[in-house]
Amino acid sequence: MTARLRIAIQKSGRLSTESQQLLKSCGVKFSVNEQRLIAHADNMPVDILRVRDDDIPGLVMDGVVDLGIVGENVLEEEQLERECLGNAAKVVKLRQLDFGACRLSLAVPTEFVYGDASSLEGLRIATSYPNLLRRFMQNKGISYQDCQLKGSVEVAPRAGLADGICDLVSTGATLEANGLYETEVIFRSMACIIQSTTPQSDAKQALINKILSRVNGVIRARE
Ligand code: PRT
Ligand code: ZN
C-alpha cells in the first residue's frame, strides 16, 4: 500500500463542497481538477479521491482508501449489505460530522390512509435502501414487496410501480411535489468520517489522528 494517506470524498453532489471545505479547514492544501479522480495535497502526504458516494464505504472496507467522508445512510446500507453476504464490515466510524443532515422515511400518496407501518402489510415499497427498509420492517414483523430503484423513487407510486416509498427527505418539498406525505422516519443521518480497520503504519495512523483532532477543532469552532 502507498505511504500517502488516501481519503475518499464525494465527487459531485450534496456532500462534495462541505467535504472539501472540511479538509481544507483542517489544513490539507489541494486543488481539484474536475477531470481528475485524484487530487494530491501539496503540504502533506495526503491524496483525495473523488468518487460516487455509494462507492465510499466499500473502498474503505476493502482497504483501498484509508478514510472516507460519507452519509451514515450510505454507510449503514453497505454494512447491512455486506452482513447479508456474510462479510464482516471492516470499517469504524471515527465521528459524525456537522453537515449532510437528512432522514430515511416511509411516505405514501396523500390519499393513502396510514395508521402505522402495518398499513403497508403486503404492499409494494420503492426504495434505494433495501437493507435499511428490510431491517425496519422485519423488526416490526411486517411483510412487504420490494421495488428497488436507484433513482426516481419518488415517482414510483404515481407511475403505478409501488404503493409507497422509503426515501431520503430533508425539507419534504420533493415528497409534496410528488403527492406524497411522510409517515415514519426509519433512519436519521449525517455525514460521517470513516476509517478502514485494516492496520495502518504508525506514520499513517499518526496523520489520521492529527487530521481527526483538527476535524474535532473545526467542528467545535462552528458549533
Ligand atoms: O453521484 P453520487 O452517487 O455521488 O450522488 P447521489 O446522487 O447518490 O447523492 P446526493 O449527492 O444526492 O446525496 C449525497 C448524500 O447527501 C446522501 O447520501 C445523504 O447522506 C445526504 N443528503 C442530505 C441527501 C439529502 N439531504 C437529500 N435531500 N441526499 C439526498 N437527498 C434527496 C432525496 O433523495 C430526495 O430526492 O433530496 C430529495 C429530497 O429533498 P427534500 O429537501 O425535497 O426533502
Ligand atoms: Zn450515490
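Each ligand, and each atom within it, is numbered from 1 in the order the structure gives.
Where the criterion is an N or O separation shorter than 3.5 Å, residue side chain and backbone included, Ser189 fails it with respect to ligand 1. The N/O atoms of Ser170, backbone and side chain alike, include one that comes under 3.5 Å of an N/O atom in ligand 1.
Taking a cutoff of 4.0 Å between a charged side-chain nitrogen and a carboxylate oxygen, Lys11 and Asp55 do not qualify as a salt bridge. Salt-bridge formation is not detected for the pair Glu184/Arg103: no Lys NZ or Arg NE/NH1/NH2 atom is positioned less than 4.0 Å from an Asp or Glu carboxylate oxygen. Salt bridge status for Arg4 with Asp47: present, with a side-chain N to carboxylate O gap under 4.0 Å. Under a 4.0 Å N-O distance rule, the pair Asp66/Lys204 qualifies as a salt bridge.
Contact analysis leaves Ala177 out of contact with ligand 1, as no non-hydrogen atom separation drops below 4.0 angstrom.
Within 4.0 Å of atom 13 (O) of ligand 1, at least one protein heavy atom is present.
Nearest non-hydrogen protein atom to atom 32 (C) of ligand 1 is Arg14 NH2, 3.4 Å. Of the protein's non-hydrogen atoms, Gln10 NE2, 3.8 Å is the one closest to atom 10 (P) of ligand 1. For atom 41 (P) of ligand 1, the nearest protein heavy atom (residue, atom name, distance) is Thr171 OG1, 3.3 Å.
An angle of 80° is found at the Zn ion (ligand 2) between Asp54 atom OD1 and Asp53 atom OD1, rounded to 10°.
When atom types are taken as modelled, the side chain of Asp146 and the backbone of Gln148 share no donor-acceptor pair closer than 3.5 angstrom.
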